[in-house]
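Everything on this sheet refers to the single structure shown next.
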Amino acid sequence: MEITLKLNGKPYTAVAQPHTQLLEFLRDAGCKSVKCGCETSGCGLCTVHMDGRPVLSCSVLAVQAAGHTIDTLEGLQEQAALFGGFLADEGGEQCGFCNPGFIMNVLALEKELGRDAGDEEILEYLAGNMCRCTGYQSQLRAIRKYMAREEGNA
């Protein structure tokens with residue numbers, strides 16, 4: 001079945017089977033930041049933005065994404081690099097395996113809740129992101145500093 005969507009700002013069409021996960025579809029399209037971590041929708045590693053909202057691409061069929069706008073980390077490099085600097089400065093990246101999904105959720109958090117989100121809102125929003133290296137404190141510090149940054153002074 002032919003699927004057409006907007007991928008990282010550009011029209012994209014490819015053939016996929018009806019049972020193909022969006023995760024597989026995106027990886028076949030060259031979006032290697034989209035990773036499979038748990039296959040149970042519990043780790044957040046496969047997070048992408050569909051129409052600006054975070055979704056777990058392992059829980060969405062490619063056919064469900066037809067006609068929608070999908071953004072991956074590859075399409076949000078500038079914003080991702082900005083937050084990634086804060087994450088590295090706070091020691092929150094360690095092995096880096098969870099970073100793509102985590103960064104996608106932080107960018108969605110900023111867009112949805114704004115830069116004045118409190119710790120409780122942040123923790124609730126990111127509850128589905130699993131990191132096996134950190135104690136989440138370094139990541140929380142990075143998010144706070146990222147959200148508190150002054151425009152133009154990153």
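Residue indices begin at 1 and follow the sequence shown. What you are looking at is a predicted structure, and each value in this text was computed from that prediction instead of being measured.
Closest heavy-atom contact between A117 and I122: O-CD1, 3.8 Å. Here the shortest heavy-atom pairing between L26 and S57 reads CD1-CB, 4.4 Å. When all heavy atoms of C46 and L23 are compared, the closest pair comes out as CB-CD1, 3.7 Å. Here the closest non-hydrogen pair linking P54 and A108 is CD-CB, 3.6 Å. L107 approaches Q79 most closely through the heavy-atom pair CD2-CB, 3.8 Å. For L73 against A80, the heavy-atom pair with the smallest separation is CD1-CB, 3.4 Å.
Side chain of H68 to main chain of L5: no donor-acceptor pair is present (N/O by atom type, distance under 3.5 Å, no hydrogens or angles). In this structure a side-chain-to-backbone donor-acceptor pair under 3.5 Å is present from K32 to R27. Side-chain atoms of E90 do not come within 3.5 Å of backbone N or O of S138 as any donor-acceptor pair. Checked by atom type and distance alone, the side chain of N8 pairs as donor or acceptor with a backbone atom of T72 at under 3.5 Å.
Between R144 and D119 a salt bridge is recorded (basic side-chain N to carboxylate O distance below 4.0 Å).
Both L7 and L61 belong to a common hydrophobic cluster when Ile, Leu, Val, Met, Phe, Trp and Tyr are linked at side-chain heavy-atom distances under 4.5 angstrom. Grouping the Ile, Leu, Val, Met, Phe, Trp and Tyr side chains by contacts below 4.5 angstrom, directly or via other members, places Y125 apart from M130. A continuous path of Ile, Leu, Val, Met, Phe, Trp and Tyr side chains, each step under 4.5 Å between heavy atoms, connects I70 with M1, placing both in one hydrophobic cluster. L123 and V106 fall within a single hydrophobic cluster, where Ile, Leu, Val, Met, Phe, Trp and Tyr side chains are chained together by heavy-atom contacts under 4.5 Å. Linking Ile, Leu, Val, Met, Phe, Trp and Tyr residues whenever their side-chain heavy atoms come within less than 4.5 Å leaves V15 and V60 in two separate clusters.
Between F83 and F102, the two ring planes are tilted [angle within 30° to 60°].
Within a 6.0 Å sphere centred on CD of E121, heavy atoms belonging to other residues, nucleotides or ligands number more than 12.
Proximity of I3 to T13: side-chain heavy atoms (C-beta onward) are nowhere separated by under 4.5 Å. The shortest side-chain heavy-atom distance between H49 and L76 falls under the 4.5 Å cut-off. Counting only heavy atoms from C-beta outward, the side chains of K111 and R53 never approach each other to under 4.5 Å. At a threshold of 4.5 Å between non-hydrogen side-chain atoms, the residues K35 and P100 count as touching. Taking the side chain as every heavy atom from C-beta outward, Y136 and I143 never approach each other to under 4.5 Å. Side-chain atoms of L82 and R149, non-hydrogen and from C-beta on, do get closer than 4.5 Å to each other. For the pair Q139/L87, a side-chain contact is recorded, criterion being any heavy-atom separation below 4.5 Å from C-beta on.
With values rounded to the nearest 0.5 angstrom, E24 atom CD is found 10.5 Å from C58 atom SG. For the atom pair CZ of F25 and CD of Q64, the computed distance is 13.0 Å after rounding to the nearest 0.5 Å. With rounding to the nearest 0.5 Å, the separation of CE in M104 from CG in L56 is 11.5 Å.
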